[in-house]
Every structure is written in C-alpha cells, then in structure tokens.
**Q** 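Quick one: this structure, given as structure tokens, is what I'll be asking you about.
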Amino acid sequence: MVRRIEVSGSGGVRLAAWEFADPPAAAGAGGRGPGGVLLLHGLLGRAAHWTETGRWLSPRHRTVALDQRGHGRSDKPVGGPYVREAYVADAVAAIEQLGLAPVTLVGHAMGALTAWQLAARYPELVRALVILDMRASALGAATQRQWTEWFRSWPVPFATLADVRKWFGEEDPTLEKPAPARGDFYAEVMAERADGWRPLFFRRQMLAAREAYAHDAHWEELAMVTCPTLVVRGLDGALGRAEAQEMVRVLPRGQYAEIPDAGHLVHYERPDSWRRVAEPFLDAAVPA
C-alpha cells in the first residue's frame with residue numbers, strides 16, 4: 001500500500017509525500033519499530049524515484065518519501081525561497097509532523113546534502129544516515145553555467161514520453177553512452193500539457209536551488225554528523241572515490257560502499273545492487 005500525505009513545510013509551503021506502509025496507527029505491526037525512514041530525492045527528482053527502495057524498507061521500517069519544494073507534487077513558490085535552510089526546515093517539519101524521529105535519513109545528491117545538514121544541526125532527530133552520490137566539495141561556478149546551458153538544450157515540449165526517454169537516454173549531448181534508466185528517470189518527472197510533455201518543475205527554480213549549494217564546500221557540517229553514516233557512490237557517478245573515502249574519514253562514524261556499473265542515479269539504475277549495500281547497513285544501524 002502506498003498513500004499520499006501532505007505536510008506543511010517552512011513558511012507554510014505545502015509538501016507532498018508518499019508513505020510505503022500502513023497508516024501510522026498500524027506502525028507497530030509487521031515488525032516496524034519506533035522512528036522511521038525519510039527518503040530525500042536529488043535535484044530534479046521526485047519521491048516516486050524511491051518506489052523500489054520503499055518497497056523493501058517498509059516491511060521493517062515506517063518509510064516516507066518526500067517531494068521537496070519545487071519538485072514533484074509539492075508547491076513551487078514563485079519567490080522561493082530555494083535556500084539550504086528552507087530545504088532542511090522542510091525535512092524537519094516532515095519528521096516532526098509525521099512522528100518519524102528518531103529518523104533514518106536516506107538522501108540522493110541534493111537530498112543527501114539536506115540529510116547531512118539536518119543530521120549536523122538536529123542530531124537528536126536522527127538515528128542513521130545514508131549519503132548517496134553527493135560531493136562535500138564545492139561544485140563551482142562553472143558547473144552552474146553548464147547546467148544553464150544544459151537546460152537550454154532540452155527540446156521542450158516533448159511530443160511523447162517515448163521522446164523524453166529517447167532524448168535523455170540516448171540523444172542528450174552530455175551523455176557518454178546510452179543510458180536507458182536515465183531516460184526512464186526523466187520520464188517520471190514530466191507531465192502532459194496542452195502542447196506536449198514538460199517538466200514538473202521550473203528550471204529557473206532548479207538553478208536557484210543549485211545556486212544555494214554549488215559554490216560552497218560542506219565539510220564542516222559533514223564532520224558534525226555523529227550518527228552511523230554510509231557513503232555510497234556509483235563507480236561512474238558524480239562522487240569520486242578519493243573524495244568519498246575522505247568523506248568517510250571526516251565522518252565520526254562513517255562507512256563506505258561503491259556500486260560498479262552505476263552512474264549518478266545509483267538507486268534507480270541498479271536497484272538490486274543498491275539494496276545489497278544499503279540493507280545490511282540499515283539492519284545494523286536501525287534494528288527493527
């Protein structure tokens with residue numbers, strides 16, 4: 001059973017979330033203990049990208065995936081804010097309103113940064129953390145310009161979902177080789193309009209959200225995370241091995257795992273391999 005629920009985020013922003021379990025009144029059934037798991041997608045993503053993960057987590061843990069502000073079915077306020085503090089505050093609101101503490105945070109890319117900033121600032125709320133393919137070093141101004149140009153290259157509106165899958169999985173000039181799973185990933189963040197298929201998000205808002213973290217390094221807050229933390233990277237992802245291992249060294253209770261034959265969208269491209277590295281960590285850190 002998957003059910004949609006709503007959360008009031010920072011500043012009253014309406015946030016959509018999906019729970020991969022029975023309603024809270026039944027949370028004691030099936031072996032689920034206190035606390036829960038909050039899944040945070042990356043930039044351009046949505047809660048639905050965690051569906052496979054939610055399915056294998058929910059028999060043992062209360063599991064919720066959040067559409068972060070500007071994404072999916074959550075509000076997209078014209079004036080924002082799309083700053084780090086707002087994303088962290090939204091996640092805190094979800095944890096408190098849904099009674100998920102002490103929570104296990106599982107974040108991909110930007111969602112992983114939100115997760116470790118939350119764990120650093122509110123350690124009493126967090127039991128364990130998984131960081132999936134997110135760098136602690138500054139990404140840099142050049143990457144922000146590259147993203148701007150990449151957005152401009154999108155041939156929107158797309159006539160069909162097949163066109164979406166083909167462009168993002170085969171024709172995108174930034175691709176080094178075909179990536180069918182990437183095409184499927186982006187098909188999930190499109191909605192049909194009168195003139196064709198367009199993103200569920202506004203690209204200018206996504207650039208604003210990325211601007212809020214691209215120019216800064218985040219090592220200091222990473223070092224403040226005291227809970228058990230697993231750093232996972234895809235072999236061909238955005239996070240390099242040397243940096244990932246340095247992140248593990250900086251973390252007081254860090255562990256490391258990598259997944260071969262995976263790029264940045266590790267959990268989506270290789271769901272079975274992702275489960276094989278994440279599940280043992282979660283079972284040890286968060287016994288049911």
Side-chain angles (χ1 to χ4, degrees), residues 1-28 32-51 53-55 57-58 61-130 132 188-189 191 199-202 205-206 208-209 212-213 227 267 286:
M1 173 182 175
V2 180
R3 67 186 187 108
R4 179 172 166 174
I5 48 183
E6 289 194 1
V7 173
S8 179
S10 176
V13 171
R14 183 194 58 82
L15 303 173
W18 277 259
E19 183 166 6
F20 301 90
D22 297 325
R32 287 190 299 275
V37 178
L38 183 63
L39 306 170
L40 298 172
H41 62 75
L43 192 70
L44 313 188
R46 65 180 304 187
H49 288 141
W50 291 112
T51 298
T53 300
R55 284 174 177 158
L57 276 172
S58 60
H61 309 282
R62 185 180 174 203
T63 306
V64 175
L66 183 68
D67 272 343
Q68 296 177 80
R69 64 172 58 210
H71 296 77
R73 297 300 178 184
S74 288
D75 283 349
K76 303 163 181 63
V78 174
Y82 294 99
V83 295
R84 290 281 80 224
E85 290 75 13
Y87 283 100
V88 172
D90 287 345
V92 170
I95 293 166
E96 293 180 340
Q97 290 171 38
L98 300 177
L100 297 176
V103 72
T104 297
L105 296 171
V106 180
H108 173 243
M110 182 193 76
L113 177 58
T114 300
W116 90 59
Q117 289 180 325
L118 193 161
R121 300 174 193 181
Y122 303 93
E124 71 281 2
L125 294 180
V126 184
R127 185 191 308 210
L129 169 65
V130 180
L132 184 53
E188 290 201 47
V189 297
L200 283 167
F201 46 78
F202 295 104
Q205 293 179 350
M206 297 298 96
Y213 63 85
C227 65
H267 59 304
V286 192

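In what follows, residues are counted from 1 in the order of the sequence shown. As a basis for the values below, the full set of heavy atoms in this structure was taken, side chains included, without hydrogen atoms, waters or symmetry mates.
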**Q** Do the side chain of T63 and the main chain of F20 share a donor and acceptor less than 3.5 angstrom apart?
**A**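 No, because the side chain of T63 does not come within donor-acceptor range (under 3.5 Å) of the backbone of F20.
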
**Q** Might you point out which heavy atoms bring A119 and V126 nearest each other, and give the distance in Å?
**A**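 Result for this residue pair: CA-CG2, 3.8 Å.
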
**Q** Taking atom NE2 of H267 and atom OG1 of T51, what is their separation to the nearest 0.5 Å?
**A** 9.5 Å

**Q** Supply the atom-to-atom distance H108 NE2 to T114 OG1, rounded to the nearest 0.5 angstrom.
**A** 12.5 Å

**Q** What's the spacing between E124 CD and C227 SG if we round to 0.5 Å?
**A**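 Reported value, rounded in 0.5 Å steps: 11.5 Å.
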
**Q** Assess whether side chain to side chain contact (heavy atoms under 4.5 Å, CB included) is satisfied between Q68 and Y82, documenting all intermediate values.
**A** CA-CA 10 Å; Q68 296 177 80; Y82 294 99; over 6 Å; no

**Q** Measuring from L43:CG to Y87:OH, what's the distance to the nearest 0.5 Å?
**A** 7.0 Å

**Q** Sequence neighbours excluded and cut-off under 3.5 Å, please list the side-chain donor-acceptor pairs for residues 88-95, or say none.
**A**
from, atom 1, to, atom 2, distance (Å)
D90, OD1, S10, N, 2.7
D90, OD1, R69, NH2, 3.0
D90, OD2, R69, NE, 2.6
D90, OD2, R69, NH2, 3.3

**Q** How far does CH2 of W116 sit from CG of L40, to the nearest 0.5 angstrom?
**A**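 CG of L40 is found 13.0 Å from CH2 of W116.
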
**Q** With a 4.5 Å limit on heavy-atom distance, are the side chains of L15 and D67 in contact?
**A**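 Side-chain contact under 4.5 Å: no.
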
**Q** Locate the shortest heavy-atom distance separating V286 from A128; write the atom from each residue and the value.
**A**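 Shortest heavy-atom separation between V286 and A128 comes out as CG2-CB, 3.9 Å.
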
**Q** Among V64, L125, L118, which residue satisfies the side-chain contact (heavy atoms from CB on, under 4.5 Å) criterion with L38?
**A**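 The option that passes is V64.
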
**Q** Provide the closest heavy-atom pair for A16 versus W18 in the form atom of the first, atom of the second, distance.
**A**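 Result for this residue pair: CB-CZ3, 3.7 Å.
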
**Q** Should the pair H71 and H41 be assigned to parallel (<30°), tilted (30 to 60°) or perpendicular (>60°) ring geometry?
**A** tilted

**Q** Would you be so kind as to tabulate the donor-acceptor pairs closer than 3.5 Å made by side chains of residues 96-105, with sequence neighbours excluded?
**A**
from, atom 1, to, atom 2, distance (Å)
Q97, OE1, S8, N, 3.0
Q97, NE2, S8, O, 2.7

**Q** Report yes if the side chains of T53 and L39 come closer than 4.5 Å at any heavy-atom pair, otherwise no.
**A** yes

**Q** To the nearest 0.5 Å, tell me how far M110 CE sits from L44 CG.
**A**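 Reported to 0.5 Å precision, the distance equals 8.5 Å.
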
**Q** Between the side chain of Q205 and the main-chain N/O of P77, is any donor-acceptor distance below 3.5 Å?
**A**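 Side chain of Q205 to backbone of P77, a donor-acceptor pair under 3.5 Å: yes, one is there.
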
**Q** Is a donor on one side and an acceptor on the other found under 3.5 Å between the side chain of R14 and the backbone of R73?
**A**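 It does hold such a pair.
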
**Q** State which residues pass salt bridge (Lys or Arg N to Asp or Glu O under 4.0 Å) with R4; sequence neighbours excluded, sorted by chain then number.
**A** none

